Protein chains: 2
Amino acid sequence: MVYTVGEMAKRLGVAPSTLRFYDKEGLLPFVERSEGGIRLFKDADFEWLRIIECLKKTGMPLKDIKEFIMMAMAGDDTIEDRLALIQKQRESVEQKIQELTEIHQVLRFKQWYYETAKTEGTTSVPRSMALEELPEEFREVRKQLRGE
Amino acid sequence: MVYTVGEMAKRLGVAPSTLRFYDKEGLLPFVERSEGGIRLFKDADFEWLRIIECLKKTGMPLKDIKEFIMMAMAGDDTIEDRLALIQKQRESVEQKIQELTEIHQVLRFKQWYYETAKTEGTTSVPRSMALEELPEEFREVRKQLRGE
DNA sequence: TCTTGACTTAAAGATAACTTTAACTTCTAT
DNA sequence: ATAGAAGTTAAAGTTATCTTTAAGTCAAGA
């Protein structure tokens with residue numbers, strides 16, 4: 001089964017211009033062309049595009065993703081480099097999850113803060129509350145926010 | 001205790017130009033000035049900047065963060081709106097964590113894939129492996145990547 | 001064959017979030 | 001009083017990731 005750029009874009013949920021842009025940037029060296037110059041995406045290419053999508057979601061810039069694709073095109077000599085890259089990216093994702101988890105706790109604190117403000121009619125109640133008065137799970141968060 | 005823009009920037013670990021930019025964009029209406037026009041950051045402002053930093057890390061655009069700051073400046077009439085905004089942002093962070101967790105599993109699969117390729121000397125071994133041959137935890141991932 | 005919709009490229013435009021530059025002012029220490 | 005570090009602004013520049021536009025080409029159906 002082959003797809004045009006529009007069909008593949010729809011399948012991936014992106015704009016056709018995005019795929020053309022990626023191709024221009026050298027991220028899609030595996031895409032073949034018809035006699036007339038039309039891009040012909042194959043099912044195997046779908047998997048490449050999913051990998052690109054995945055790496056992009058880890059926050060990897062396109063030029064680094066391109067490096068990865070180039071290595072894959074180069075063949076089995078680059079297996080160790082690709083492994084190292086994937087490992088590094090996995091660690092980076094673990095860090096991001098860690099950071100988001102901390103941010104989540106700050107937002108939970110702020111939610112409590114505004115819920116309290118709402119029942120009391122004013123933010124000055126939760127704001128001026130003594131450390132021991134607030135739920136224990138939020139004490140550390142408030143200290144961090146206020147700069148120790 | 002008051003701080004100049006450079007001192008506060010150092011305390012936060014950002015460039016002074018970033019704080020000036022935020023101020024120009026209207027995110028720092030609480031910052032006062034000296035007679036001569038020098039910004040005077042106070043300890044209470046540090047907390048505001050931490051909140052801005054936190055919202056930024058949730059992926060909120062600066063113009064939305066500005067809206068939040070404006071509401072806070074407007075006083076207790078906006079408590080419910082602020083609560084709603086924080087709740088929405090908390091949900092958004094939960095979604096992001098969820099998504100990153102899925103991406104993490106893809107990277108774990110890819111790591112296994114390249115580790116196997118490394119011991120076998122070629123990617124064709126893990127690539128052409130039957131679904132039942134691969135670790136059960138990665139079967140679903142590979143199906144997703146290949147498009148069912 | 002002709003029409004029409006989707007394809008092609010190169011180049012310009014959009015957007016967010018800063019950063020840099022240039023010209024000038026303020027503050028602090030001697 | 002003055003030097004120099006750090007402050008001020010407006011405006012232009014940067015980077016990343018696309019999107020849009022313009023002018024033209026390809027491919028499939030009537």
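The chains referred to below are lettered A, B, ... by the order of the sequence lines, with proteins before strands, and numbering in each begins at 1. This is a predicted model, so every value here is computed, not measured.
To the nearest angstrom, C1' of D:dT8 lies 13 Å from CG of B:Leu40. Look at CD on A:Glu7: it is 10 Å from P on C:dA6, rounded to the nearest Å. Atom-to-atom, CZ of A:Arg39 to P of D:dC26 comes out at 14 Å; the value is rounded to the nearest Å. Distance B:Lys24 NZ to D:dA11 C1': 8 Å, rounded to the nearest Å. In this structure, the NZ atom of B:Lys66 is 15 Å from the C1' atom of C:dA17, given to the nearest Å. Rounded to whole Å, the distance from NZ on A:Lys63 to P on D:dT14 is 18 Å. If you measure from atom CD of A:Glu25 to atom C1' of D:dT17, you get 9 Å, rounded to the nearest angstrom. Rounded to an integer number of Å, the gap from B:Leu28 CG to C:dC18 P is 12 Å.
Nearer the 5' end of DNA chain D, as judged by each residue's closest nucleotide, is the contact made by A:Phe21, out of A:Glu35 and A:Phe21. Nucleotides of DNA chain C nearest to B:Gly37 and B:Lys56 differ in position, and the one nearer the 5' end is that of B:Lys56. Comparing A:Asp23 and B:Leu62 by the nucleotide of DNA chain C that holds the closest heavy atom to each, the one mapping nearer the 5' end is A:Asp23.
Geometrically, A:Arg11 engages A:Phe46 in a cation-pi contact defined by less than 6.0 Å to the ring centre and at most 45° from the axis.
In this structure, B:Ser17 reaches the bases: a heavy-atom distance under 4.0 Å links it to at least one base atom across the strands shown. Within the 4.0 angstrom heavy-atom criterion, no nucleotide atom of any strand lies near A:Pro16.
Considering only side-chain N and O atoms, B:Arg20 lies under 4.0 angstrom from the phosphate OP1 or OP2 of D:dT8. Neither OP1 nor OP2 of C:dA17 sits under 4.0 Å from any side-chain N or O of B:Tyr22. Put simply, A:Thr18 has no side-chain N or O that comes within less than 4.0 Å of OP1 or OP2 on D:dC18. The phosphate of D:dT9 has OP1 or OP2 within less than 4.0 Å of a side-chain N or O from B:Arg33.
Classified by interplanar angle (parallel below 30°, tilted 30° to 60°, perpendicular above 60°), the ring pair B:Phe68/B:Trp48 is perpendicular.
Listed nucleotides: C:dC27, D:dA27, D:dT8. Nearest to the side chain of B:Ser34: C:dC27. With distances taken from any side-chain atom of B:Ile38 to the nucleotides C:dA17, D:dC26, C:dC27, the minimum falls on C:dC27.
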Could you please spell out the steps behind the salt bridge (charged side-chain N to carboxylate O under 4.0 Å, His left out) verdict for A:Lys57 and B:Glu99? CA-CA 9 Å; A:Lys57 283 180 180 166; B:Glu99 191 183 28; 3.4 Å; yes

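Hydrophobic clustering of Ile, Leu, Val, Met, Phe, Trp and Tyr side chains at less than 4.5 Å, counting indirect connections, unites A:Tyr22 with A:Tyr3.
With respect to A:Glu7 and A:Lys10, no salt bridge is recorded, no charged nitrogen being found less than 4.0 Å from a carboxylate O.
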